[in-house]
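Quick notes on the structure that follows.
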Amino acid sequence: MSLKELEQLEVRFSGSGGQGLVLASIIFADVLVAAGYNVIQGESHGIEARGGASRGEIIASKEEITDLAVSEPDIFIAISQKSCDKYYQDIKENALVIIDSFLVTEIPKFKSNNIYLLPFTNKVKEEFDSILPTNIAFLGAMAELSNLVDHQLFIEAIKKRIPTSVIEMNLKAFALGVKMAQAAAKDKE
Amino acid sequence: MSLKELEQLEVRFSGSGGQGLVLASIIFADVLVAAGYNVIQGESHGIEARGGASRGEIIASKEEITDLAVSEPDIFIAISQKSCDKYYQDIKENALVIIDSFLVTEIPKFKSNNIYLLPFTNKVKEEFDSILPTNIAFLGAMAELSNLVDHQLFIEAIKKRIPTSVIEMNLKAFALGVKMAQAAAKDKE
Amino acid sequence: MSKLDKYLRTDQMPHFACPGCTHGTAWAAMIRSIEQLGLDKNKTVMVCAIGCAGRLPVYLDFPSIRTPHGRALSYATGVKLANPDLNVIVFMGDGDASAIGGNHLIHTARRNLDITAIVATNEIYGMTGGQYAPTTEGGRFASTAPFGMIENQLDVCKLVEGAGASFVGRGDVYHVRELKDLIASAITHKGFSLVEVFTTCPTHFGRRNNMKKPSVLVEHLKNLTVSKKQAEKMTEEEVAGKLLRGILLKEERPEYVETYDRLAGFKEEGESV
Amino acid sequence: MSKLDKYLRTDQMPHFACPGCTHGTAWAAMIRSIEQLGLDKNKTVMVCAIGCAGRLPVYLDFPSIRTPHGRALSYATGVKLANPDLNVIVFMGDGDASAIGGNHLIHTARRNLDITAIVATNEIYGMTGGQYAPTTEGGRFASTAPFGMIENQLDVCKLVEGAGASFVGRGDVYHVRELKDLIASAITHKGFSLVEVFTTCPTHFGRRNNMKKPSVLVEHLKNLTVSKKQAEKMTEEEVAGKLLRGILLKEERPEYVETYDRLAGFKEEGESV
Amino acid sequence: MKDKVLMQGNQAVAEGALAAGVKFCAGYPITPSTEVIEILAKKLPSHGGRFIQMEDELASIGAIIGASAAGKKSITATSGPGFSLMQENLGYAAMVEVPIVIYNAQRVGPSTGGATKPHQADIMQTKWGSHGDSPRIALMPGSVKEAYEITIKAFNFSEKYMVPVVILMDELLAHMRESVIIPKKEELEVINRRTDVAPQAEYLPYRMDETGIPVLPPLGGGYRYNISGMIHGENGIPDLSPETIDACVRRINSKLDKYYDDIVIVENEKNESAKIALFVFGSTTRPAKGAIKKAKKAGIEVELIRPITIWPFPEKEVREVAERMDKIIVAEMNLGQTAGLVRQAIEGKAEVVQLNRVDSGHISVDDLYHKILEISS
Amino acid sequence: MKDKVLMQGNQAVAEGALAAGVKFCAGYPITPSTEVIEILAKKLPSHGGRFIQMEDELASIGAIIGASAAGKKSITATSGPGFSLMQENLGYAAMVEVPIVIYNAQRVGPSTGGATKPHQADIMQTKWGSHGDSPRIALMPGSVKEAYEITIKAFNFSEKYMVPVVILMDELLAHMRESVIIPKKEELEVINRRTDVAPQAEYLPYRMDETGIPVLPPLGGGYRYNISGMIHGENGIPDLSPETIDACVRRINSKLDKYYDDIVIVENEKNESAKIALFVFGSTTRPAKGAIKKAKKAGIEVELIRPITIWPFPEKEVREVAERMDKIIVAEMNLGQTAGLVRQAIEGKAEVVQLNRVDSGHISVDDLYHKILEISS
Amino acid sequence: MTKIIIEPNWCKSCGICVDFCPTNVLELDISGKLKVVDANACISCKLCEIRCPDLAIEIEED
Amino acid sequence: MTKIIIEPNWCKSCGICVDFCPTNVLELDISGKLKVVDANACISCKLCEIRCPDLAIEIEED
Ligand SMILES: Cc1ncc(C[n+]2csc(CCOP(=O)(O)OP(=O)(O)O)c2C)c(N)n1
Ligand SMILES: Cc1ncc(C[n+]2csc(CCOP(=O)(O)OP(=O)(O)O)c2C)c(N)n1
Ligand code: SF4
Ligand code: SF4
Ligand code: SF4
Ligand code: SF4
Ligand code: SF4
Ligand code: SF4
Ligand SMILES: [Mg+2]
Ligand SMILES: [Mg+2]
């Protein structure tokens, strides 16, 4: 069943504080709102103000939403080993999983087979000499692989949430993510 | 009926803040405790921290006391016009009333006939060149006129509550009060 | 009746304070400086809290608010930010201002909000019956200092100076003419101004410290302070142990609301950009 | 592992602070001065409150109490009066100590209670995500100062001096060797001692003020302060805008508990008169 | 159609306040409410208002009472520890009848507890945190969208009834983002306090007309009167005569009884066939609806009763429901605060079944559904 | 026979505290409680203790928690406005389980209200004034004599259960003088907190034995552990895992349930022929006895139920009485705070009749007697 | 000549004006009432007026 | 010779030691790991040790 057909879509972004995954989840939530979904988005952090495993979650539906938290993600994204270990277990069987293969070196046994291990941090660092837009590269890959919403909506949402000074870099990172995903998808075929 | 025979004795001292009437009521309460009564003593002041009409009240009984405030005084003492006006009304019909005739010039219509109008403040000022021990002179008169408790208990109570430096003056004031009362009682006969 | 009737809620007079309590003197000096400056009664808000000093403004015919104990300056901050056109005068007791209200005092001073704070220092908690205050002189007796005041005495003027105040003055109710002018200077100062006024509490401070007679206590103040000018002519030993009187500090410093409105780009709703 | 292991709750390490947060540097300097002084761990009580700075002592193997935000010094007062034999050290953030805790700060200073207070000034509320503190420099950005800091900056050292402190010192985490000695002097001082330490918060202060890189922020401190000695050799213009570093004030002043026990005639129960 | 936007709970409160005409905010940072003051710090100046970060929470609430007394709608935002520090001044505002709005984003307690996690355990405190008997209104939105609307309501009630109003949310809702449609300005009802008073010579601040609510023109706006937290008579001046004490205490508290029907807002769709009712509030509203749907599918009818106004407590409404039910499940993220209130309201008319979570996890559809199954079998 | 002395209520509290072994008092003056700190300021040094007047009430309670953590029995005294300021720290003490005693002499409220007159309106605040769910014990003496004894009890409970204890009196009782007989030292039961702990290496401050009460040796007395108002595990170190949050919040609150029977003290002489009960407390105890006597003379039997322990609320005892009565008169100097609690406890088993005075006058024998007549006719 | 105006209802007989009057114009009688005893001696220094805590005495010059 | 001891679990890769080392003994690698790149250059100034906020680097002399 394609993600589009789900009655309720559940998404989890996870990583370490400072990696921008909460912002990524907010941008994706924006995208879903723009696409006409009802959306709720939430975040949670460890006891550490910063640095621990943290996550951003989205529930989207065309109907009224009655849940408050993701229980079984349809999409799972992990940008750090800690967060991957902590949050991978309860994903859905066919969940779309996107992992930073540069930072997550020990891959757990996922329930799903729909897994993409891509070295985002590495590639982004190479391309931009900064790892900051890694989160947006993830969004690019997700836009491509989820095939839920038109890429243009992502681009608009990014523009709205990212400071003008770094928009260009981030849009490029988005494109990079799309490209990486396309390549990987091709590989899979 | 003599005060001694009352099942419950109610006493009200009233005056202005600073006149020492609350202290007088405490000393009298001490006396009653020493004489074997159960006693409760309370005080109340106006909204003004100082200066307004205020009062010290005592309930004494050989039985358990269930009241919290004097409702009909058996003994009523007033050292200022304001307090006399404010508190005279609810005394018992035969109540013993002792009034400072120097400061209380407009005598209200009392329910009782057992009234003593004595110029304490004046006499004390003449005798001691200070009006401070006026409250104790009142106690003297009361000790004499109430005829409830041996004077010696008053003297001991005064010694306990009054700073050593001024005890002598106060004991003299007590004696003065006793004398004034004796003279007045004689007049009445 | 009084020449100052138009500033009084005469129906509330005489005021509640004890005979000889010179909070009243300080308060009268304040009214006279308001008269001298010709402040608009309707636009002059009195903010006070709890305590004998804080109670006096009940008798003043100004818009007035009496806050919980210690909080006057925080309320005054709100009043001033809501309407910067108002004259805001805060009259406080020393305990009120410097003990429970100490934090608001230092931060209002630091922000240099255009408020005038008058602290009536009688070195005691009058209203509650004679406990020591942070301002009580060492060795003085109070109901909670039965062995004499043990703590070091607070110098309210130094405190607010350290906090960054731009106007600091000290007066007393013996030198009451100076006091009126001092308060007037404080009110006209643009920014936070503090005037500490030494007053006297015969009922509690006096009684416990062998100065029961009101005039004796006031006389005592005469020797407690020395004017800044006089002090300059005196030797160090002569000045030692005395408190300076007069304007102790006056600097031009950015005022909070002015800076705020400028930097934050404040504009009334409907104002064009 | 660390040479300082015996002072740490190693099972709790690494501590929670962000990468490059130099609260940790200040805290390590404090441990080293405790080591240098050879204080008895069992008799040295750490009192802290809430905030990033206040959280660090969780990682220290001392008897420790973390109080509600702002209240550390009031709790410390109780600890000290209950048992004057203890060394009581209070480690606080600048917001904790000087904003919400400002009143306790000035009054503990005034009383000259034998406590050492260390205030880690990072000019920001780190724990709550980057709001301005009373200590934030004018013009700096913070989440609640989107137009730049509008309020006048508080000088914590001047404040406690105004309040009557007997030992006041300032250091920073660039000049970290000096800092260790400064803290040691403060701890050995009989009476209240305050050490303000300038630290850095890359996560919030740095990020909002173009100094994201931890070392850049630390470098910035280098130029913010000047030692008292150096300053004496500099012209007024050169010193202007810089903060003095070192022991700024040290006086012998009656300590609270000593005075109390003497004047009030304190005696342990059972002691003969 | 108006645009849907993604909005955070705290943002909805800030935006709602602006829509209600807030002109002053004083605050002290505390998780999880801080975004409210951050947004207002940024936006107030261009909306004719001012923001100040005060030295602590006592000062924050003091400043907003002062500003409101001077005529400006005012708000502060806080969470448990800060709310505790505000209690003396909160009672003061209720006593002097100066309107203020306080936003409390509830976090794990007691004490410092857990700043980043939700509880719903400040409910009793909201009414009883201050000494003495004094009135307040408290409102609990069930979603981000409601947070916006309820914030406007909070200001309206506050201005109308001259009483402090507390907006009670929890960390979950405070930090949750949701797609919402912001109503147009014209669609909003915004109420401002009355200022129609007699001329100064006749004016007495606490003399009542038939509304029983004082009219207090801005301090410094031309009227000279005294505001005092002491027991006061009609003229605002302290007066401790027994009659004045009695009158003062009773009147300020009876205001809310008098306007109960306007103030008390409850979501309650009657379900004639239900014998079980679910009493929930705040962020649990959503899961409750999910659970009721789920139960219906399983053939169990459950009625929802959801107070939006929690103070004054909707005694009448709850009692009416209890009269039709066998059992009421009271689900809350605390140890049973409103369960006690429900019990008090219904005096044995139905059985109260508690569902309490205090581990900081939210009460989920499944938690509720299982409880329903458990008690209906 | 021991000597009777005349003693004021506040004095009884101070003397009771000394008899209980108090070693530290920090306070801030406030009418009508100030005599307590004045007496302790004078007497503590010669009893091996210290007094300090702090800068405010926040500091006062902070200092006594600090001193108690360092092993010394500690007290503060206050009244409504000060009690409101103490709420954050009071919740802290309950959270970290450091024993303290707070004396609150209730005065007319809300807000500054009336300092020199009595109310009994801080009862709900005593339990609910702080954010979150946290435990406390509150005791209400009915006479000066009891004030002395109950103060000792307060320290005993506090030390035994590691929980803050509030002594709730009112201005009337605080300032009333009464003839009392002071018990001899040998007759008093004085309890000190446990200090029997494992060696440092094995010691965890919040690891429970079967008592469910932590053993916290004095800070600086040889044990190195952390006390924290954040949610903490057995080691006292902050931990926000759901399991720890749940365990921490539930355990600190369940202590009082566990020891309910020891803690809850109620005066209740059963009267089999009574159909009316009188529920009163504090200074109303005396008049209640007078009224019951008077009613008996008029042929009406009335049973007295008088909580000395008001928190935890004596639900069981009140329910037992309600089961035998038609009506319970709840008389209090507030707008009905305990009437609500009684209603909650008895769930409709008897009719609750309120008698409230808030004019600062006490509830007299006649007030009560008339109410009895009224409802029995 | 100066007029010395006393508001008897406001005066609390504290004696401050009496004690600070440089020319002994004022006195408190036995019952505590404030009296002008030597109006001619008054030099209009107004010390009484400005030091009175109760606004109870005023000097009017013409 | 000095021994440079790094506690990798405590180091947070903040770079402070790297940037203040006067002789460039230290470096952070791409993945953020702190490395000793020129141990011989170390002059035992201990700036790294005392400025490290995390007690993660120590210099041992013998
Ligand atoms: C929160 C609170 N704490 C304590 C009090 C009691 N109280 C009323 S006034 C006062 C202090 C009075 O001293 P000060 O401020 O010096 O004024 P003074 O009476 O001396 O003029 C105190 C402690 C109170 N009303 N509120
Ligand atoms: C009563 C109360 N108010 C607010 C807070 C929220 N809070 C926690 S720490 C903190 C300030 C942190 O700043 P600072 O003291 O400078 O320490 P830093 O984190 O910068 O080291 C605040 C406001 C709280 N915990 N309690
Ligand atoms: S108690 Fe002292 S301060 Fe208060 S009115 Fe009397 S004299 Fe003045
Ligand atoms: S937020 Fe700032 S102060 Fe707090 S740990 Fe991080 S860097 Fe340090
Ligand atoms: S100073 Fe004023 S109050 Fe005192 S005696 Fe003179 S007139 Fe009367
Ligand atoms: S004006 Fe001067 S001289 Fe005249 S009565 Fe007053 S004090 Fe005396
Ligand atoms: S300073 Fe410390 S934490 Fe930072 S990189 Fe160096 S060793 Fe690591
Ligand atoms: S001791 Fe000095 S030289 Fe050696 S690594 Fe550290 S900072 Fe570099
Ligand atoms: Mg004072
Ligand atoms: Mg800080």
Side-chain angles (χ1 to χ4, degrees), chain C residues 9 11-12 16 40-50 55 57-88 103-104 106-108 110-111 113 256-257 260-261 263-271 273, chain E residues 21 23-26 41-74 76 88-93 95-96 98 100 200 217-230 232 235-238:
Chain C
R9 294 184 176 134
D11 59 326
Q12 298 297 320
F16 87 109
D40 180 350
K41 277 209 298 187
N42 285 324
K43 300 232 152 278
T44 302
V45 176
M46 290 283 147
V47 185
C48 302
I50 303 301
R55 179 146 185 169
V58 163
Y59 307 95
L60 285 185
D61 189 29
F62 289 84
S64 57
I65 178 164
R66 282 186 70 215
T67 78
H69 184 40
R71 307 298 155 213
L73 284 168
S74 66
Y75 282 65
T77 297
V79 171
K80 186 73 184 178
L81 285 173
N83 186 354
D85 294 338
L86 302 176
N87 309 305
V88 179
N103 211 24
H104 310 311
I106 60 181
H107 288 284
T108 317
R110 173 177 62 82
R111 290 189 192 105
L113 197 61
Y256 182 86
V257 179
Y260 183 90
D261 286 1
L263 290 188
F266 172 82
K267 58 172 210 291
E268 295 288 355
E269 200 135 40
E271 248 181 69
V273 196
Chain E
K23 288 288 171 284
F24 184 68
C25 170
K42 197 158 178 181
K43 291 202 158 184
L44 267 173
S46 55
H47 287 71
R50 294 186 181 85
F51 164 79
I52 188 168
Q53 185 176 307
M54 294 297 282
E55 52 273 20
D56 61 18
E57 286 87 350
L58 292 100
S60 299
I61 184 169
I64 69 165
I65 299 172
S68 178
K72 297 289 162 71
K73 291 188 184 176
S74 301
T76 189
E88 189 197 10
N89 285 288
L90 181 50
Y92 175 90
M95 175 67 150
V96 300
V98 166
I100 52 167
Q200 168 81 35
L219 268 192
Y223 280 79
R224 300 183 305 281
Y225 62 94
N226 185 52
I227 297 178
S228 169
M230 290 184 64
H232 45 262
N235 58 3
I237 304 289

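All values below come from the heavy atoms of this structure, side chains included, with hydrogens, waters and symmetry mates left out.
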Select one option (side chain, backbone, both, neither) describing which atoms of C:Leu81 are under 4.5 Å from chain E's heavy atoms.
both
Where is the tightest heavy-atom contact between E:Gly66 and C:Val79, given as atom of each residue plus distance?
O-CG2, 3.4 Å
If you measure from OG on C:Ser64 to CE on C:Met46, what distance do you get to the nearest 0.5 Å?
8.5 Å
Pick from E:Ser68, E:Ala63, E:Ala70, E:Ala59: which one has the most heavy-atom pairs with chain C under 4.5 Å?
E:Ala63
At a heavy-atom distance under 4.5 Å, which candidate from C:Pro68, C:Cys48, C:Ala264 has the highest pair count against chain E?
C:Pro68
Please classify the contact of E:Phe24 with chain C as side chain, backbone, both or neither, using a heavy-atom distance under 4.5 Å.
side chain
Relative to the ring of C:Tyr59, is the ring of C:Phe16 parallel (under 30°), tilted (30 to 60°) or perpendicular (over 60°)?
parallel
Which residue out of E:Met54, E:Lys23, E:Lys42 racks up the most heavy-atom pairs below 4.5 Å with chain C?
E:Met54
Verify, without hydrogens or angle tests, whether E:Arg50 (side chain) and E:Ala26 (backbone) share a donor-acceptor contact under 3.5 angstrom.
no
Can you tell me how far apart CE (E:Met95) and OG (E:Ser228) are? Round to the nearest 0.5 Å.
7.5 Å
Selection from C:Ala72, C:Gly265, C:Pro57, C:Ala82 maximising heavy-atom pairs under 4.5 Å formed with chain E
C:Ala82
State the NZ-CD1 distance between E:Lys73 and E:Ile64, to the nearest 0.5 angstrom.
14.0 Å
Show, in sequence, the C-alpha distance, side-chain angles and deciding distance for E:Met230 and C:Arg55, and conclude whether the side-chain contact (heavy atoms from CB on, under 4.5 Å) test is met.
CA-CA 11 Å; E:Met230 290 184 64; C:Arg55 179 146 185 169; 3.9 Å; yes
In Å and rounded to the nearest 0.5 Å, what is the CD to CG distance from E:Gln200 to C:Asn42?
6.5 Å
Counting heavy-atom pairs under 4.5 Å with chain E, the top scorer among C:His104, C:Lys43, C:Arg110 is C:His104
Any idea which heavy atoms bring C:Tyr256 and E:Phe51 closest together, and the distance?
OH-O, 3.6 Å
Between C:Asp61 and C:Lys41, does any NZ, NE, NH1 or NH2 come within less than 4.0 Å of an OD or OE carboxylate oxygen?
yes
Heavy-atom pairs under 4.5 Å with chain C: which of E:Lys72, E:Glu55, E:Glu88 has the most?
E:Glu55
Side chain, backbone, both or neither: which part of C:Val58 has an atom under 4.5 Å from a heavy atom of chain E?
both
Structural part of C:Tyr260 lying under 4.5 Å from a heavy atom of chain E:
side chain
Given that the side chain runs from C-beta out, which part of E:Tyr225 has a heavy atom under 4.5 Å from chain C: side chain, backbone, both or neither?
backbone
Euclidean distance, E:Leu90 CG relative to E:Ile100 CD1, rounded to 0.5 Å
6.0 Å
Looking only at E:Asp56, E:Asn235, E:Asn89, the option with the highest number of non-hydrogen pairs under 4.5 Å against chain C is E:Asn89
Okay, E:Ile61 and chain C: the region with an atom under 4.5 Å from a heavy atom over there is neither
Which atom names give the shortest non-hydrogen contact between C:Ile65 and C:Tyr75, and what distance separates them?
CD1-CD2, 4.0 Å
Could you tell me which of C:Val47, C:Asp261, C:Thr108, C:Ile50 has the largest number of non-hydrogen atom pairs under 4.5 Å with chain E?
C:Asp261
Which atoms of C:Val88 come close to chain E, meaning under 4.5 Å heavy atom to heavy atom: side chain ones, backbone ones, both, or neither?
neither
Please identify, among C:Val257, C:Asn83, C:Asn103, the residue contributing the most non-hydrogen atom pairs under 4.5 Å to chain E.
C:Asn103
Partner chain C: residue of E:Val96, E:Val98, E:Ile52 with the largest heavy-atom pair count (under 4.5 Å):
E:Ile52
Under a 4.5 Å heavy-atom cut-off, does chain C meet the side chain of E:Ile237, its backbone, both or neither?
side chain
Interchain contact, C:Asp85 with chain E, by part (heavy-atom threshold 4.5 Å)
neither
Which atoms of E:Ala69 come close to chain C, meaning under 4.5 Å heavy atom to heavy atom: side chain ones, backbone ones, both, or neither?
side chain
